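Remarks on the structure that follows.
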Amino acid sequence: MKSTRSRLSWSRIAAMALETLVWVGLATALVALLNPITTTAGLGSIYLLAVLAVAIRRGQVPALAAAVLGVLFLNFFFIEPLHRLTISDSDNVVAIGVLLVAALVVGRLAAQSRQRAAEAEQRAEQAAAREAEAAMLADAATAVLRGDADVVQGLSNSLRAAGAGELRLESSAAPQAREGERTLRLPTRARSVWLYAGESSEWTETDLERIASPLARLIDVAEERKATAARGAEAEAARQADAAKTVILHAVSHDLRSPLTAIRTAAAGLREEGTKPQDRIALIDAIDEEAERLTRLIANLLDLSRIEARAVHPRTDWCDLLDVISTAVSHVHNPDAHQRIQIELDGELPLVRADPAQLERVFSNLIENALRHSPPDQPVRVTGGAGAGKVVVRVIDRGPGVPVAQRDAIFKAFNTGDQRGGAGLGLAISRGFVEANGGELRLQADSPDGTAFAVSFPLVEQPATVG
Amino acid sequence: MSAGDVRVLVVDDEPQIVRGLKVILGNAGYRVEEATTKREALDAVSSRPPDAIVLDLLLPDGDGVEVATDIRRWSQVPIVVLSAVGDERQKVRALDAGADDYVTKPFGSEELLARMRAVLRRRADDGDAAVRVGELEIDRADRAVRRGDEQIHLTPIEFDLLSQLARHPGRLVTHRQLLEEVWGPGYEDQTHYLRVHFAHIRAKLEQNPSNPTYVITEPGIGYRLRVDL
């Protein structure tokens, strides 16, 4: 990945020439030392060593120069006539000729091997660079598989972690390079992602182009994975909704069927000529009561559908809680139960902001729920007070209480834990209405008085009244 | 006017409901006529004005509220609307359009007949001496209220409010009507006045204010004085 381009500069040529001169000079010095004890022809081969050294270190052309220079030096300093570039002895001519050819061949061979070594080194360097790139891309791929929320950001981070700090990725419609950055668009399929390389980075255009393609594929894969996961979650949600719908339909059809059965049975009894007058009255009462049950169930289903569709739309007004609660009590369907309801509010409670009709539904449900779950000889108490920025009303029963495991579930519609209350809509509706009106409904399970459902609303500044 | 002379127009497109209403109202002595659409209803009201109308809010060719609005342009005939369960807004719209009262479907015959009696009852004139409800006597001439032998002291505003209900015993009086009558135009939205004053009225009037027997609250809509005691 590092730049391998080299340029033949004047300083390099000068260094080469100097080194050639040094080697040839060294050889000349050696020849001068050995000259007294050996023949001139043998001395020529010493220059061969210099040529070899230059060839290995500097390549073919300097080697040739060294050979020529060596021959000239040999001729000038050591061959008769001395200090002239002429040769008198034919033996020496042969020796110089052999030296020159040998120098050329050796130089060439040395230069070739030198070049191969350089090429091998370069290949090793490139291989190392590719390996680093591969490791970086592998890290990036791991980040993608980890499923980071933002794939591009995750990739960018893993590039930085892998030591390529001068690279960054960003997803945007148009490139937004910082100062000095080079920009490359990744060949992604869907999102438009840009690769930026910092000014000081050693990444070449070719390098960037090489890694652009795998990065783009990683991003595509990650996007595809995300889309697949989203489709899976959607399918799962749809499946769960289907299952919930089945449970609801089951509960509702059961609750619809039993009063309908009672009504049809009563109607059949009325049609019989032999039915006694007092039995007729009983059957008519049965029809009335069962129709009433159906009415309540349908009202509850309507309320619930409004709550679930977030279409509660409270008509907020000032509410007198005593008024709302006593209206709720008057709507309790079992008149015998009225005796059991004890309303104990602390003097005049402050007015609260809520939809009075919806609040009435809340307390109707809570009171009926409390009546249903407490023994017939036990009272249901409604207490209330204001303080700490809140107005709180508690509906308290002395029933068996709510098992710990059920304490969240009882507020869900159609929860199966509460079989006695039919489809179990009352608490879900109560909580839905209370919350839509800005209040809170909580179970206070371990109160010493019994099981309490506490409805609280913010204590607001009371309006001025005109007497 | 005896019940036999009272003609009630039932406007509803559901045959079973019309059939039931005919039996209930017929047994109570009313003469029942029927219309199944908005157009038929308006035609019937203009050609042979009935003494009272029972009006379903859901008609095949329109909204019962529009029927009430149209009729109120030229007639004060009492209108009781049949409204769907839980739809407070629709009730308020119908009442604002001029309907006199409502029953929520499905309703019992006693409830419907009580509403019919209330809307057909001749409006008590201001000169009428007293209205009696159970033990309660509201003497409009003396501006006095008694429960049995006991004198009950109400403030002038409290008396005015109770007196408004007593003018139409058994009949719904909406928040808007009460605020306009007692405080005057511009006070229609000051419903908290009603909350506070009715709480006081109840505290004075009722044996057990948490179980009121005289003044009935229709949550979010209005109040009525109970007559069937």
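In what follows, every chain begins at residue 1, and chains take the letters A, B, ... in the order their sequences are listed. Not measured: the values here are computed from a predicted model. Just the heavy atoms: all of them, side chains too, but no hydrogens, waters or symmetry mates, feed the values below.
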side-chain contact (heavy atoms from CB on, under 4.5 Å) filter on B/Asp149, not counting sequence neighbours, yields none
Mind checking the CD-OG spacing from B/Glu206 to A/Ser326? Nearest 0.5 Å is all I need.
-> 9.0 Å
Does NE2 belonging to A/His254 count more than 12 external heavy atoms closer than 6.0 Å?
-> no
Relative to chain B, which of A/Leu322, A/Thr327, A/Asp317 shows the most heavy atom pairs under 4.5 Å?
-> A/Asp317
Interface moiety of B/Val92 toward chain A, non-hydrogen atoms closer than 4.5 Å | side chain
Check whether more than 12 heavy atoms from other residues, nucleotides or ligands sit under 6.0 Å from atom CZ of B/Arg143, and answer yes or no.
-> yes
Under 4.5 Å, counting heavy-atom pairs only, tell me which of B/Arg202, B/Glu218, B/His175 racks up the most with chain A.
-> B/Arg202
Do B/Arg89 and A/His313 have side-chain heavy atoms sitting under 4.5 Å apart?
-> yes
Compare all side-chain heavy atoms of A/Thr295 with those of B/Phe107 and state whether any distance is below 4.5 angstrom.
-> no
When rounded to the nearest 0.5 Å, the distance separating CG of A/Asp320 from OG1 of B/Thr217 is 8.0 Å
CD of A/Gln339 to CG of B/Asn211: how many Å apart, nearest 0.5 Å?
-> 8.5 Å
Tabulate, in ascending numerical order, the residues of residues 350-361 of chain A having at least one heavy atom closer than 4.5 Å to a heavy atom of chain B, or enter 'none'.
-> A/Leu351, A/Pro356, A/Ala357, A/Glu360
If you take all heavy atoms of A/Arg315 and B/Gly220, which pair is closest and at what distance?
-> NH2-O, 3.4 Å
Got more than 12 heavy atoms from elsewhere within 6.0 Å of CZ, B/Arg19?
-> no
For the candidates A/Asp288, A/Asp323, A/Val329, A/Ile343, which exhibits the highest count of non-hydrogen atom pairs separated by less than 4.5 Å from chain B?
-> A/Asp323
Please flag which part of A/Glu348 lies under 4.5 Å from any non-hydrogen atom of chain B: side chain, backbone, both or neither.
-> side chain
